[in-house]
Amino acid sequence: MTCGCFGASTTKKKRSLSCIPKEIQGYPLNNVRHFSDKELRSATNNYHSSNKIGQGGFGTVYQGTLKNGRKVAVKTLSAFSKQGVREFFSENNILSNVKHQNLVKLIGCCVRGPNRTLVYEYMENGSLDSALLGTRSANIQLDWKKRSAIIVGTAKGLAFLHEELVPHIVHRDIKASNILLDRNFNPKIGDFGLAKLFPDDITHMSTRIAGTIGYLAPEYALGGQLTKKADVYSFGVLILEIISGKSSARTNRGGSQRFLLDWAWQLYKKGKLLKLVDQDMEKFPEEEVIKYIKVAFFCTQSAASRRPLMTQVIHMLTKEIQLNEKQLTPPGFFVLP
């Protein structure tokens, strides 16, 4: 028998407390729908391998279908997560109120003993990583119009997190696998497992290093100094991936061992930026593509203070302006010892 725990009358609410697991009774549920373990197992066919659509360092994602027919993405968090129930619900209450067309919507969650599960809206075209860097599907052709829209849409999502939302959020793990695509290839930033909340009066914080090699800003990777500019750096690397169709994490570029950003910068110094462009993209406006690559370099400058804000990045990408390349300095690199 299924209990409806939300939106009931006072009498029903009192009776329905029995359907809320004891682990979460007493914690705020005002912004988060709590799914039962039984509901999610039914939706995912007991987390069957055929429904697995993704896996990362923080958990596995399954496609599911709720009883009302709605498709969802169900993420089971890794067992090593030590986050307490109170912190889990506090963060998810905040994230459930984060609504933007370029952010994946959090629908609900499940807590059962030590297990934590998140439920998100389902994205029909999967991750950008799969569409761009995985096995190319005949049904997924990323022309320049789609790629530029993905770049600008992702920038708008980040600008919302950094500059409009209160408290501000630094994502900390912007990369191709965390950009999801809906049926129309509109990008949505997902996976806030590493996100940090920034009150208005805080400009930076020292924190443990987390994220993905190839996307890490040097001041963050080397000193743990986290600001919004760490996300800006990662976004710059993402631009290069979208244009080149190549992973930033692989180091073999142009016959030598270097990351994508380093290779792109060498091509820039040689005046050969078009060699960076994905060969699968047969037709594209050369000047516009080159401008996007240069914006990526502004985002990845070695000194965080020289990187633009995300609202400035959007302006640089979408307005007919001449970029001042005299202000451009070499990008910063973090190389494993």
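Start at 1 with the first residue, then count along the sequence.
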Engineer: Can you tell me how far apart CG (Leu273) and OG (Ser244) are? Round to the nearest 0.5 Å.
Structural biologist: 12.0 Å
Engineer: For Lys188, does its backbone N or O pair with a side-chain atom of His100 as donor and acceptor, under 3.5 Å?
Structural biologist: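 It does not hold such a pair.
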Engineer: Over 60° means perpendicular and under 30° means parallel, so tell me whether Phe297 and Trp265 are parallel, tilted or perpendicular.
Structural biologist: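 Ring orientation, 0 to 90° scale: perpendicular.
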Engineer: Could you report the tightest heavy-atom contact between Phe259 and Ser248, atom names first, then the distance?
Structural biologist: CD2-O, 3.0 Å
Engineer: Cluster question for you: counting only ILVMFWY and a side-chain heavy-atom cut-off of under 4.5 Å, with indirect links fine, are Val61 and Ile107 together?
Structural biologist: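 Unlinked, Val61 and Ile107 end up in two clusters.
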Engineer: Taking side-chain contact (heavy atoms from CB on, under 4.5 Å) as the definition, give me every residue that meets it alongside Glu320, ordered by chain and number, with sequence neighbours left out.
Structural biologist: none
Engineer: Please determine whether residues Ile53 and Val119 belong to a single hydrophobic cluster, defined as Ile, Leu, Val, Met, Phe, Trp and Tyr linked transitively by side-chain heavy-atom distances below 4.5 Å.
Structural biologist: no
Engineer: With respect to Ile189, which candidate in Asn102, Val104, Leu158, Asp231 satisfies the side-chain contact (heavy atoms from CB on, under 4.5 Å) definition?
Structural biologist: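 Option passing the side-chain contact (heavy atoms from CB on, under 4.5 Å) with Ile189: Leu158.
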Engineer: Would you say the side-chain atoms of Thr154 pair up with the backbone N or O of Ile150, donor to acceptor, closer than 3.5 Å?
Structural biologist: yes
Engineer: From Gln266 CD over to Leu261 CG, what is the distance, rounded to the nearest 0.5 angstrom?
Structural biologist: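 That separation rounds to 10.0 Å.
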Engineer: Between Ile243 and Phe185, is there a shared hydrophobic cluster once you connect ILVMFWY residues whose side-chain heavy atoms come closer than 4.5 Å?
Structural biologist: yes
Engineer: Can any side-chain N or O of His162 pair as donor or acceptor with the backbone N or O of Ala159 at less than 3.5 Å?
Structural biologist: no
Engineer: Taking Lys291 for its side chain and Leu317 for its backbone only, find out whether a donor-acceptor pair lies under 3.5 Å.
Structural biologist: yes
Engineer: Does some side-chain heavy atom of Met316 sit less than 4.5 Å from a side-chain heavy atom of Leu323?
Structural biologist: yes
Engineer: Which atom pair, heavy atoms only, marks the closest approach of Leu181 to Ala131?
Structural biologist: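 Closest pair (atom of Leu181, atom of Ala131, distance): CD1-CB, 4.0 Å.
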Engineer: Would a single hydrophobic cluster contain both Tyr122 and Val74, if residues Ile, Leu, Val, Met, Phe, Trp and Tyr are joined by side-chain heavy-atom contacts under 4.5 Å?
Structural biologist: no
Engineer: Using a 4.5 Å cut-off on heavy atoms from C-beta on, say whether the side chain of Phe160 contacts that of Val98.
Structural biologist: yes
Engineer: Within the structure provided, determine whether Glu39 and Leu66 are in side-chain contact (heavy-atom separation under 4.5 Å).
Structural biologist: no
Engineer: Give me the atom names and distance for the closest heavy-atom approach of Val232 to Cys299.
Structural biologist: O-CB, 3.4 Å
Engineer: For the residue pair Val313 and Val295, establish whether any side-chain heavy-atom pair is separated by less than 4.5 Å.
Structural biologist: yes
Engineer: Which one of Lys246, Arg147, Lys146 satisfies the salt bridge (charged side-chain N to carboxylate O under 4.0 Å, His left out) criterion with Asp278?
Structural biologist: Arg147
Engineer: Applying side chain to side chain donor-acceptor pair (under 3.5 Å), name anything that partners Asn186, two or more places apart in sequence or on another chain.
Structural biologist: Asp182
Engineer: So, taking the atom named CG in Leu240 and the one named CZ in Phe235, what distance separates them when rounded to the nearest 0.5 Å?
Structural biologist: 10.0 Å
Engineer: Can you confirm whether more than 12 heavy atoms, excluding those of Lys319, are under 6.0 Å from its NZ atom?
Structural biologist: no
Engineer: Quick one, Ile242 and Leu132 - any side-chain contact, counting heavy atoms below 4.5 Å?
Structural biologist: yes
Engineer: CG/Leu142 to CG/Leu128 distance, rounded to the nearest 0.5 angstrom?
Structural biologist: 7.0 Å
Engineer: Look only at the side chain of Arg307 and the backbone of Gln301, and say whether a donor-acceptor pair between them is shorter than 3.5 Å.
Structural biologist: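 Yes, the answer is positive, given that a donor and an acceptor are paired below the 3.5 Å cut-off.
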Engineer: Identify the two heavy atoms, one from Thr44 and one from Leu40, that lie closest to each other, and give their separation to 0.1 Å.
Structural biologist: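 Minimum heavy-atom contact is OG1-O, 2.8 Å.
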Engineer: If hydrophobic clusters are built by linking Ile, Leu, Val, Met, Phe, Trp and Tyr wherever their side-chain heavy atoms come under 4.5 Å apart, do Phe298 and Ile293 end up in the same one?
Structural biologist: yes
Engineer: Looking at OG1 of Thr300 and NZ of Lys229, how far apart are the two atoms once the value is rounded to the nearest 0.5 Å?
Structural biologist: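 Those atoms lie 12.5 Å apart.
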Engineer: State the CD1-CD1 distance between Ile151 and Ile314, to the nearest 0.5 angstrom.
Structural biologist: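 Rounded to the nearest 0.5 Å, the CD1-CD1 separation comes to 12.5 Å.
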Engineer: Provide the closest heavy-atom pair for Tyr292 versus Ile239 in the form atom of the first, atom of the second, distance.
Structural biologist: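 It is O-CG2, 3.6 Å.
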Engineer: Within the side chain of Glu286, is there an N or O that forms a donor-acceptor pair under 3.5 Å with the backbone of Leu274?
Structural biologist: no
Engineer: Apply salt bridge (charged side-chain N to carboxylate O under 4.0 Å, His left out) to Arg306 and list each qualifying residue two or more places apart in sequence or on a separate chain.
Structural biologist: none
Engineer: Taking the side chain from Asn178 and the backbone from Asp173, do they hold a donor-acceptor pair closer than 3.5 Å?
Structural biologist: yes
Engineer: Return yes if some donor-acceptor pair links the side-chain N/O of Tyr233 with the main-chain N/O of Gly332 below 3.5 Å, else return no.
Structural biologist: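 It does hold such a pair.
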Engineer: Is it true that Glu121 and Lys105 have a side-chain N and a carboxylate O under 4.0 angstrom from each other?
Structural biologist: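 Here Glu121 does not pair with Lys105 in a salt bridge, since their nearest N and O are not under 4.0 Å apart.
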Engineer: Looking at Lys326, is its backbone amide N or carbonyl O close enough to the side chain of Asn324 to form a donor-acceptor pair, meaning the two atoms are under 3.5 Å apart?
Structural biologist: yes
Engineer: Indicate the atoms forming the closest heavy-atom contact of Leu309 with Glu163, along with that distance.
Structural biologist: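 Taking every non-hydrogen atom into account, CB-OE2, 3.7 Å.
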Engineer: Quick check on Glu282: does its CD atom have over 12 non-hydrogen neighbours (other residues, nucleotides or ligands) under 6.0 Å away?
Structural biologist: no
